[in-house]
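Have a look at the structure below, then the notes.
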Number of protein chains: 2
Amino acid sequence: MEFSATTFRELCQQHGIAVTHQRQVLFEIMQGMHGHPSPEEVYARVKKKIPAISLATVYKNIHLFVESGIFREVSMHHGTLRVEMNSRPHHHMVCSMCKSISDIDEADLGLLPSHQKLPGGFLVERYAVDVIGICPECQAKKVN
Amino acid sequence: MEFSATTFRELCQQHGIAVTHQRQVLFEIMQGMHGHPSPEEVYARVKKKIPAISLATVYKNIHLFVESGIFREVSMHHGTLRVEMNSRPHHHMVCSMCKSISDIDEADLGLLPSHQKLPGGFLVERYAVDVIGICPECQAKKVN
DNA sequence: TTGACAGACGATAAGAATTATCGTTTACTA
DNA sequence: TAGTAAACGATAATTCTTATCGTCTGTCAA
Ligand SMILES: [Mn+2]
Ligand SMILES: [Mn+2]
Ligand SMILES: [Zn+2]
Ligand SMILES: [Zn+2]
């Protein structure tokens, strides 16, 4: 486990957040979950331990965990449907600050698959690569 | 342009959909748009040409274009927030049929970046690769 | 050409996911 | 242990998307 050496109390102190019962149970249950649960799925699990917990609290703490880097989001751009009209083979540069998405040509990325068969027999159609980082505009804005 | 050789009428015939004025204007405007617009952004543009158009029509036709393969979606899993608790370096296999997401270790994917600097000065933090294809379960279900 | 009719349209209600508000409670610090 | 900022629960509001439904239109065969 990633946080086995550190107690949850210490983890909260590092990030300057209060150690509440809800927060601790939420953290422990999420740590034990497999896959990529939605907030509703997490809520359902936590309610078994804390029946009075609010869905809003689940959302607020998930965001807090993600902002703190304790957990992550699967997709940087899960918000609304975005349409792709560019038919050239390309990937995306996603800014972790402003969430802007820009195209990058497959050739410019220089990322090539070396395996053809994936574990479990997954049949590959294509790759979609998100290069996550800081766009030039946000680099300029950033005060370090 | 991808469809310059083919008229919109022929494109519709290929996909068995009717050639309507709304559909044609929508298609042409979307073709001329840069980036990765949201349905609302497309709607705003199209309203200038067809003030009476409905947002529902925009959504319906965007889905139709995506289903037909005329356009694409930027993210396969933009629906709801999904949390990642797996801290090992890994990427994702996303099934284009059932939208299921499974982990694949970085090493198993065998995909390595050869460039360090990206055009435009984008500062790379990490790569997130979606391997899009058909999961074993859907391969079994599929009737070919 | 001209109906018949499936499919498409617009208006709008409904649904799902997420965020905001607000009064109460709790954890932290001195 | 009291004061205060933060967190909580309840729930309203917002945002994004889909469903419904009555009307209209494109397609195709006669
Ligand atoms: Mn793109
Ligand atoms: Mn994962
Ligand atoms: Zn940025
Ligand atoms: Zn599948």
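So you know, we letter chains A, B, ... as the sequences are listed, proteins then strands, and number each from 1. The analysis underlying the following values was restricted to heavy atoms, covering all of them including side chains, and did not include hydrogens, waters or symmetry mates.
Put simply, Q22(A) has a side-chain N or O that comes within less than 4.0 Å of OP1 or OP2 on dG9(D). OP1 or OP2 of dC9(C) has at least one side-chain nitrogen or oxygen of R23(B) nearer than 4.0 Å.
When rounded to the nearest whole Å, the span between CG of L26(B) and P of dA8(C) equals 13 Å. In this structure, I50(A) atom CD1 and dA7(D) atom P are separated by 15 Å, rounded to whole Å. One interatomic measurement links the two molecules: CD of E10(A) to C1' of dC28(C), which rounds to 17 Å at whole-angstrom precision. Atom-to-atom, CD of E41(B) to P of dT15(D) comes out at 15 Å; the value is rounded to the nearest Å. For the pair Y43(B) OH and dA11(C) P, the interatomic distance rounds to 8 Å; values are reported in whole Å. Put simply, CD1 on I62(A) is 13 Å from P on dC8(D), counting in whole angstrom units.
To the nearest 0.5 Å, the span separating OH on Y43(A) from OH on Y59(A) amounts to 11.0 Å.
Checking side-chain atoms of R23(A) against main-chain N and O of A18(A) turns up a donor-acceptor pair under 3.5 Å.
Note on ring orientation: taking the six-membered ring where Trp is involved, the planes of F71(B) and F27(B) are parallel (angle under 30°, cut-offs 30° and 60°).
Within 6.0 Å of NE2 on H15(B) lie more than 12 heavy atoms contributed by other residues, nucleotides or ligands.
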What one-letter contact string describes nucleotides 17-30 of chain D from 5' to 3', where B marks a base within less than 4.0 Å of any protein heavy atom, S marks contact via sugar-phosphate atoms alone, and - marks no contact? BBB------SS---

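Computed from C1' positions of five pairs at each end, the angle between the two local axes of the helix from dT1(C)-dA30(D) to dA30(C)-dT1(D) equals 40°, rounded to 10 degrees.
H90(A) and E84(A) share a side-chain donor-acceptor pair at under 3.5 Å. With no hydrogens or angles considered, a side-chain donor-acceptor pair links Q24(A) and E28(A) at under 3.5 Å. For the residue pair H36(A)/D103(B), the side-chain donor-acceptor check at 3.5 Å is satisfied.
With contacts defined as side-chain heavy-atom distances shorter than 4.5 Å, the pair L81(B)/E73(A) qualifies.
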Carefully, step by step, assess M33(B) and V42(B) under the rule side-chain contact (heavy atoms from CB on, under 4.5 Å). CA-CA 8 Å; M33(B) 288 179 84; V42(B) 173; 4.1 Å; yes

